[in-house]
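Basis for what follows: all heavy atoms, side chains included, without hydrogens, waters or symmetry-related copies. So that the names make sense, note that chain A is the first sequence line, chain B the second, and so on, each numbered from 1.
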Amino acid sequence: MPQKDIQSLKIYNTLSGSKEPFSPIHEDYIGMYVCGPTLYSEPHMGNMRTFINFDLVYRYLLHLGFKVKYVRNITDAGHVTNSAGQQEDSIGKAARLEQLQPLEIVYKYNVRFQNLQQIYNLLPPTIEPTATGHIQEQIEIIEKIMANGYAYEVNGSVYFDVKTYMKSHDYGALSGRKVGELENETRELNSQGEKRFFADFALWKKANEKDMQIWRSPWGDGNPGWHIECTAMSTKYLGDTFDIHGGGLDLKFPHHEDEIAQSCGSTGHAPAKFWMHANMLNVNGKKMSKSLGNFFLPQEIVEGTTSLFDKAYTPNVLRFFMMQSHYRSTLDLTQEALNASEKGLARLTEAIKTLEKISASNESSFDVESSVREFYDAMNDDFNAPILIASLFDASKKINSIRDGKETITAKDKELLLSEMKGFILDVLGITLEGTQNDNRLQPVMDLVLELRQQARSNKDWGTSDLIRDGLKNAGIIVKDGKDSTSWK
RNA sequence: GGUCUCGUGGCCGAGUGGCUUAGGCACCGGUCUGCAAAACCGGUUACAGCGGUUCGAAUCCGCUCGAGACCUCCA
């Protein structure tokens, strides 16, 4: 079947504001760069949403048979890019508060982050480079930008010269901002300081007495600007131009806009063909954020220790919940919605197990290939996982009907449907089928117990029958009486 | 204040001009069952408001109201 045609894949490109047909720059691989976390604290669920969404993108590209170079950085250098009077970088601040060295902070939270990736079943990127491991590369790019006349040094700091850049480039192409208007619109806190122009941004910042991390540079001791690390690492590992650059929507401006400026200012062309932005996770309609305090940690939800919910949810449920909305939409996280996902997911995974046991017929009573086609169509349309899931539910209905003898399926179609459903649920959506028959010793015991119950039922001994059912229920085992047999889970 | 996005039925959430009864959850009825659960079948509640374009709009345009994001570290 010709499902795996990359030609059909369309991706929404923030640059153009529309879905564009995707074709890789290189024959043999796709290059994708995603902005990773700044490790001054543990990532919250909102952060995870972005990483889960790009995990979906990564997984689908792999599913289509592509080799993907997936680079996601780790920001382990704090940045003081605002001139609003705050003189402390995020990591330095955390280090002071926790009385640790900056590297200890970074290491501590990186361990947590790596652990979360495991828990939430994120595939590890091909490379996870760190900012501090690429200081030299950053310096070299800054030098190139200066040599091209798009940056200037003031008092040991280097700034990107937006005004000069604008003469030959379109600053604001990504975010749609017009610098001319920006000047008046910007909030009053934005003071100009050393900068020649208010919109200029730091490429290198001279060290101050509070800095706990300092590097040497041609301009003296200091630390790199916020945006330059991504330019350095994406260029180093993916080349001057690569296929996809992703990140959270809140990074669109100024971070990604400035990345484009830095690349154009150094190599002469924009870094990525496609810019993808994942939308925010909301709580009660508002963006989950540290400052609002409306966040919870991915670990807390799994452990059921967050005060916002009265029960725990598995990482599978969280993933499934997130996949049920499109990555470019905001998503509201509520207990009711999580409960709905939990039940829906159970039905879906149950359908797979049912399909495995179903017996085949001489012919299929419905068009299995077109069902499978729907899976691909959904994902080819800008990774529309909600549509994919709807199609999977439709397929589940068919499966249940087959089991009930109302539909039929051939052995060949069954094999196709099973492998594709598993492929999409397990490999693409990243759901794991968590163990039901994990204990081999339990099955014979259950067979025995259910046999005894069946005997009681034959004798119309409902007391014994229900005693067994209720007892199992207390042990977390649900008994399901079918037409011919009884199953459990 | 500026720029942008969004406003779908009880909840979550797809859908951008003309059968999507999208899908999930909830609820109601039915089949099945000793009863229940599960499963299956059927059903209920919608496109913020007003006006315009069109043969026809949830979908395009304008206005009003409301919400959010960005402009400052942010996934």
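- With rounding to whole Å, A:Phe383 atom CZ is found 21 Å from B:G13 atom P.
- Side-chain contact check for A:Asp461 and A:Thr464: at least one donor-acceptor pair (N or O, by modelled atom type) lies under 3.5 Å.
- Here B:A22 presents its P atom at 17 Å from CZ of A:Phe393, a figure rounded to the nearest Å.
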Base-pair string, RNA chain B, Watson-Crick plus G-U, cut-off 3.5 Å on both distances, | for inter-strand, is (((((((..(((.(...[.)..))).(((((.......)))))....(((((..]....))))))))))))....

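- Of the charged side-chain nitrogens involved, at least one lies within less than 4.0 Å of a carboxylate oxygen, so that A:Asp55 and A:Arg59 count as a salt-bridged pair.
- The same atom, C1', is picked in B:U8 and in B:G15; the two are 10 Å apart, to the nearest Å.
- In this structure, A:Leu331 reaches the sugar-phosphate backbone alone: every heavy-atom distance under 4.0 Å involves primed, P, OP1 or OP2 atoms, never a base.
- Each of A:Ala278 and A:Lys480 has a nearest nucleotide on RNA chain B; the 5'-most of these lies closest to A:Lys480.
- Rounded to whole angstrom, the span from the CD atom of A:Gln324 across to the C1' atom of B:C25 amounts to 9 Å.
- Here the nucleotide nearest the side chain of A:Ala340, chosen from B:A22, B:C25, B:A38, is B:C25.
- Residue A:Asn384 places at least one side-chain N or O under 4.0 Å from the OP1 or OP2 atom of B:G15.
- The phosphate of B:A14 has OP1 or OP2 within less than 4.0 Å of a side-chain N or O from A:Ser329.
- With rounding to whole Å, A:Leu251 atom CG is found 11 Å from B:C70 atom C1'.
- Taking only distance into account, the side chain of A:Asn339 never meets the base of B:G24 through a donor-acceptor pair shorter than 3.5 Å.
- In the set B:C41, B:A38, B:C35, B:C35 carries the atom at the smallest distance from any side-chain atom of A:Arg457.
- Using cut-offs of 30° and 60° on the angle between ring planes, the pair A:Tyr171 and A:Tyr165 is perpendicular.
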Can you list the steps and then say if A:Tyr12 with A:His326 is a side chain to side chain donor-acceptor pair (under 3.5 Å)?
CA-CA 12 Å; A:Tyr12 182 90; A:His326 190 255; over 6 Å; no

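- Residue A:Asp381 is tested with A:Arg328, A:Lys10, A:Lys19 for a salt bridge (charged side-chain N to carboxylate O under 4.0 Å, His left out); the sole match is A:Lys19.
- Under the 4.0 Å criterion applied to side-chain N and carboxylate O atoms, A:Lys480 and A:Glu350 are assigned as salt-bridge partners.
- Residue side chain A:Arg177 reaches the base of B:C70 through a donor-acceptor N/O pair under 3.5 Å, judged by distance alone.
- For the P atom pair drawn from B:C65 and B:C27, the interatomic distance equals 40 Å after rounding to whole Å.
- Classified by interplanar angle (parallel below 30°, tilted 30° to 60°, perpendicular above 60°), the ring pair A:Phe320/A:Phe393 is perpendicular.
- Atoms CZ (A:Arg328) and C1' (B:U5) sit 11 Å apart, rounded to a whole Å.
- Among the nucleotides B:G23, B:C25, B:A37, the one closest to any side-chain atom of A:Ile478 is B:A37.
- Residue contacts shown for A:Asp466 include a base, since a base heavy atom lies under 4.0 Å away.
- A close approach under 4.0 Å does not occur between any side-chain nitrogen or oxygen of A:Asn400 and OP1 or OP2 of B:A39.
- Residue-level contact check: A:Gly46 touches the bases, meaning some heavy atom is under 4.0 Å from a base atom.
- Residues A:Asn73 and A:Thr75 bring a donor and an acceptor atom of their side chains to less than 3.5 Å of each other.
- The distance from atom CG of A:Asn282 to atom C1' of B:C6 is 11 Å, rounded to the nearest whole Å.
- Close to B:C40, at under 4.0 Å from its OP1 or OP2, lies no side-chain N or O of A:Lys406.
- Comparing the P positions of B:C47 and B:G9 gives a spacing of 8 Å, expressed to the nearest Å.
- Distance check on atom P: B:C40 versus B:A48 gives 32 Å, rounded to whole Å.
- Closest contact between the side chain of A:Arg453 and the listed nucleotides B:A14, B:G34, B:C40 involves B:G34.
- Here B:U5 presents its C1' atom at 14 Å from NE2 of A:His277, a figure rounded to the nearest Å.
- A:His44 comes within contact range of at least one nucleobase, with a heavy-atom separation under 4.0 Å.
- Counting only distance, with no hydrogens or angles, the side chain of A:Asn400 and the backbone of A:Lys397 share no donor-acceptor pair below 3.5 Å.
- For the ring-ring contact (aromatic ring centres under 6.0 Å, His included) test with A:Tyr58, the passing option among A:Phe51, A:Tyr70, A:Tyr33 is A:Tyr70; the others fail.
- Annotation: B:A57 and B:U20 have their C1' atoms spaced 15 Å apart (nearest Å).
- A donor-acceptor contact under 3.5 Å links the side chain of A:Ser465 to the base of B:G34.
- In this structure a side-chain-to-backbone donor-acceptor pair under 3.5 Å is missing from A:Arg112 to A:Ser41.
- Rounded to whole Å, the separation between the P atoms of B:A14 and B:G24 comes to 15 Å.
- Nucleotides B:G17 and B:C11, compared at atom C1', are 29 Å apart to the nearest Å.
- At whole-Å resolution of the value, CH2 in A:Trp275 and P in B:C4 are 21 Å apart.
- Here A:Lys205 does not pair with A:Asp211 in a salt bridge; the nearest charged N to carboxylate O distance is not below 4.0 Å.
- Residue contacts for A:Lys252: at a heavy-atom cut-off of 4.0 Å it reaches no nucleic acid atom on any strand shown.
- For B:A26, the OP1/OP2 oxygens have a side-chain nitrogen or oxygen of A:Lys343 closer than 4.0 Å.
- Side chain A:Asp481 to base B:A36: a donor-acceptor pair is found below 3.5 Å.
- Residues A:Leu281 and A:Lys19 each lie close to RNA chain B; by heavy-atom proximity, the contact nearer the 5' end of the strand is made by A:Lys19.
- Looking at heavy-atom distances under 4.0 Å, A:Ser325 makes contact with sugar-phosphate atoms alone, never a base.
- Distance check on atom P: B:U21 versus B:A26 gives 23 Å, rounded to whole Å.
- Using modelled atom types and a 3.5 Å distance limit, the side chains of A:Tyr313 and A:Gln335 yield a donor-acceptor pair.
- The base of B:C35 sits with one of its N or O atoms less than 3.5 Å from a complementary donor or acceptor on the side chain of A:Arg469.
- Comparing B:C12, B:C71, B:G23 by their nearest atom to the side chain of A:Asp332 picks out B:C12.
- Contacts between residues 287-297 of chain A and RNA chain B, defined by a heavy-atom separation below 4.0 Å, involve A:Lys287, A:Met288, listed by number.
- Regarding contacts with the backbone of B:G23, every side-chain N or O of A:Arg347 stays at 4.0 angstrom or more from both OP1 and OP2.
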